Amino acid sequence: MIILPSKIILFAVAGAFLTGILCSLIGSFIVRMNLSSLGFCMSHAAFAGAALGVVLSFSPLMMAMCFSTVVALILGPVAEKAKLDTNVVIGIIFSLMISLGLIFLSFSPGAAMSSTALSILWGSILGITIEDILRLLLITSSIILMIVLFFKEFQAIMFSRKMAEASGINTKPFYYMILFLTGITVALSLKLVGGLLVFALMINPASSAYQFFYDMKKITIFSPIIGVLCCFLGILLSFFLDLPTGASIAITSSLIFGLSVMVSPKRKRG
Amino acid sequence: MIKLKNVETVYEGEKTPVIKDINLEVKRGEFITVIGPNGAGKTTLLETINGLLEANGNITVFGKDIKKYGTEIRKNIGYVPQDFFCDSLTPFLVKDVVMMGRFGKIGLLKSPSRKDHEIVEKTLSFLGISELEKKPIGKLSGGQLQKVMIARALAKEPEILLLDEPFSNLDLNSRSDISEKISLLNEKGMTIIMVVHDINSIPERCERILMINNGKIIEDNEREKVLRGAK
Ligand SMILES: Nc1ncnc2c1ncn2[C@@H]1O[C@H](COP(=O)(O)OP(=O)(O)OP(=O)(O)O)[C@@H](O)[C@H]1O
Ligand SMILES: [Mg+2]
C-alpha cells in the first residue's frame with residue numbers, strides 16, 4: 001500500500017531529474033545557436049506522430065518518438081540541400097507537422113482516443129516506468145559523454161560556425177549531431193513534460209544560465225542544474241496546487257528565467 | 001603554395017559568379033596585398049582560397065585539392081575575417097576565442113595542452129593585448145576585437161595568413177604596430193595575403209599587389225608598378 005505510491009514517486013523524481021538535465025543541456029546549445037524554434041518544431045512532430053499512433057491504434061508514444069527522431073534526422077540535410085536557413089526549414093516542418101497532427105486526429109475514432117494524443121502533448125509524470133528511466137539514463141549519459149569528448153568542437157561552433165570551419169574543424173557532423181540529439185531529447189522528454197512544454201524546459205533554464213556567465217563551460221554545467229531545479233519545483237507546485245505537471249514545470253522555468261533576467265549581472269549598468 | 005586555375009565562385013542561390021577567370025599562383029613566403037573597390041570580390045577571393053566558399057575550377061593549396069582536403073588545409077591557414085561581429089552576451093572569454101584558432105590543429109578528442117596555452121599567451125602578448133585575456137569577447141571595442149581575431153588566426157601558427165582589411169578598426173598607432181608585426185611574420189617565412197582599402201597602409205615589405213575589379217584580377221604586378229598606375 002505504501003510501497004506502490006512511493007515507487008511511483010521515486011520514478012517520477014528520477015524521471016524529472018534526468019529530463020531536467022537532458023533538456024537543459026541540449027538547450028544550452030540550441031539557445032546559443034539560435035535554434036530555439038527547433039524544440040518547438042520537434043514537439044509538434046511528436047504531436048503529429050502521437051496523433052497518427054492514435055489513428056492506427058499503435059503506441060502513440062512510440063510514434064511520437066519516431067516522428068521527432070525522423071524530423072531531427074532530415075532537418076539538417078534538407079536545409080543544406082534547399083540552401084535555406086535552418087530556421088526557415090524548421091518553420092516549414094513545424095506547420096506541416098501541426099497540420100498533419102490535426103488531420104490525423106480528425107480521423108481518430110473517438111474523443112477518448114484523441115485524449116491519448118493530447119496526453120502526449122501534456123505529459124504524465126506519474127506514468128513514468130522503469131524502462132523510461134533506463135532510456136533517459138542511457139541517452140543522458142551518452143549526451144554528456146559526447147559533450148565532454150567534443151566540447152572543443154561544440155564550443156568553436158557555438159562561437160561561430162564559419163570561424164570554426166576556418167580553423168579546420170569539419171562542422172557538419174557536429175551540427176547534425178546537435179539537431180539529432182535535440183530530436184531524441186524531445187522524444188524522450190514527452191513522458192514527463194509533454195510535447196508542448198518540453199520546449200520551455202529546453203529554452204528557459206539554458207537562457208537563465210546565459211544571464212549569469214560569460215564562460216560556455218559554466219553555462220553547460222549550470223543550465224542542467226537550473227533545469228533540474230525547475231523540474232523539482234514544478235513537481236512540488238503541481239502536487240500542492242493540483243496542477244498539471246508539465247504546465248507547472250514550464251511556469252516554474254519561465255519564472256526562474258524572469259528572475260534571472262532581473263538579477264542578471266550582465267544587464268546591470270556600471 | 002597556392003594555385004588557382006580558372007576559378008569562379010558563385011554564391012549559394014545566385015546565378016552569376018562574383019569572381020571569375022581567376023588565375024593566381026602564390027609562392028611560399030610571398031606577401032601579397034589585394035586592393036579594389038567595394039563589392040569587387042576581395043573577401044570572396046580570400047574565402048575561395050581557404051575553401052570556405054565552394055568554387056568551380058582548380059584550387060590547390062600545399063599541393064592538395066581544396067575541395068577534397070579543405071578541413072586539413074585550413075588547419076594551416078589563418079583567416080582574419082572582415083568586420084567580425086560578436087553580440088555583447090557572447091559567452092566566451094578572449095583567451096577561449098584565441099584558443100579556438102588552434103582547435104583544428106589540436107585535433108579531435110584531444111584537449112588543449114600546456115603548450116597550447118603557452119602559445120595563446122605568447123600570441124596575445126605578441127600583439128600587445130595580454131590584458132584582455134580574461135575579458136568577455138562581447139565586451140570589446142571594435143579595434144580590440146579585431147586584434148583578438150588576428151590573435152586567433154596567429155595562434156594556430158599557420159603557414160598562410162589571410163587578412164581581410166585588418167586595419168579597418170584600428171587607430172594609427174595600432175595600424176603601424178600590427179603592420180610591423182605582420183611584416184615580421186612574413187620575414188620569418190609566413191605567406192601572407194592581405195586585403196586593404198587604403199593603399200597608404202600597404203606595408204613596405206609587401207612587394208606584390210593584386211587589383212580586383214568586378215570580380216576579375218585586373219592587375220597582378222610588382223608593388224611600384226601597380227601603385228604608379230593607381231596614382
Ligand atoms: N553571401 C553572399 N551572397 C550573395 N552575394 C554576395 C554574398 N556576399 C557577397 N556577395 C556579392 O559578391 C560581391 C563581392 O563581394 P565581396 O564581399 O567579395 O566584396 P569585397 O571586395 O570584399 O567588398 P568590400 O570592400 O566592401 O569588403 C558583391 O557584389 C556582393 O554583393
Ligand atoms: Mg570585403
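What you are looking at is a predicted structure, and each value in this text was computed from that prediction instead of being measured. Letters A, B, ... mirror the listed sequences (proteins, then strands); counts begin at 1.
- With a 4.5 Å cut-off on non-hydrogen atoms, B:Glu47 touches chain A through its side chain but not through its backbone.
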Atom pairs and distances, side-chain donor-acceptor, residues 170-177 of chain A, under 3.5 Å, sequence neighbours left out:
unit_1, atom_1, unit_2, atom_2, d
A:Thr171, OG1, A:Arg161, NE, 3.0
A:Thr171, OG1, A:Glu165, OE1, 2.7
A:Tyr175, OH, A:Thr86, OG1, 3.2

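- Contact annotation: the side chain of B:Met100 never approaches that of A:Ser167 to less than 4.5 Å [non-hydrogen atoms, C-beta and beyond].
- Around the NZ atom of B:Lys20, the shell of radius 6.0 Å holds more than 12 heavy atoms that belong to other residues, nucleotides or ligands.
- When heavy atoms are compared at a cutoff of 4.5 Å, A:Lys162 approaches chain B by way of both its backbone and its side chain.
- By the neighbour-count criterion of 12 heavy atoms within 6.0 Å, atom NZ of B:Lys181 is densely surrounded, having more than that number from other residues, nucleotides or ligands.
- Using a 4.5 Å heavy-atom cut-off against chain B, no residue of residues 246-261 of chain A qualifies as contacting.
- Neither the backbone nor the side chain of B:Met99 comes within contact range of chain A, judged by heavy atoms closer than 4.5 Å.
- Contact annotation for B:Ile73: neither backbone nor side-chain heavy atoms come within less than 4.5 Å of a heavy atom of chain A.
- More than 12 heavy-atom neighbours from other residues, nucleotides or ligands sit within 6.0 angstrom of NZ on B:Lys67.
- Using non-hydrogen atoms only and a strict 4.5 Å limit, no part of residues 222-234 of chain A faces chain B.
- Contact of B:Arg102 with chain A is not made at all, since no heavy-atom distance falls under 4.5 Å.
- Residue B:Phe103 holds its CZ atom at 13.0 Å from CZ of A:Phe154, rounded to the nearest 0.5 Å.
- Note that CD of A:Glu153 is 5.0 Å distant from CG of B:Leu108, once rounded to the nearest 0.5 Å.
- Residue A:Phe150 touches chain B through its side chain alone, counting heavy-atom pairs closer than 4.5 Å.
- Among all heavy-atom pairs drawn from A:Lys152 and B:Leu109, the shortest one is NZ-N, 4.3 Å.
- Residue-environment remark: CZ (A:Phe94) exceeds the threshold of 12 foreign heavy atoms within 6.0 Å.
- Ranked by heavy-atom pairs under 4.5 Å with chain B, the list A:Met216, A:Met163, A:Lys217 is led by A:Met163.
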Under 3.5 Å, sequence neighbours excluded: what are the donor-acceptor pairs made by side chains of residues 81-97 of chain B?
unit_1, atom_1, unit_2, atom_2, d
B:Gln82, OE1, B:Thr43, OG1, 2.8
B:Asp87, OD1, B:Thr90, OG1, 3.3
B:Asp87, OD2, B:Leu89, N, 3.2
B:Thr90, OG1, B:Asp87, N, 3.4
B:Thr90, OG1, B:Asp87, O, 2.5
B:Asp96, OD2, B:Leu93, N, 3.2

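- Both the backbone and the side chain of A:Ile169 have a heavy atom closer than 4.5 Å to some heavy atom of chain B.
- Options B:Gly104, B:Gly78, B:Ser111 differ in how many heavy-atom pairs under 4.5 Å they form with chain A, and the most are formed by B:Gly104.
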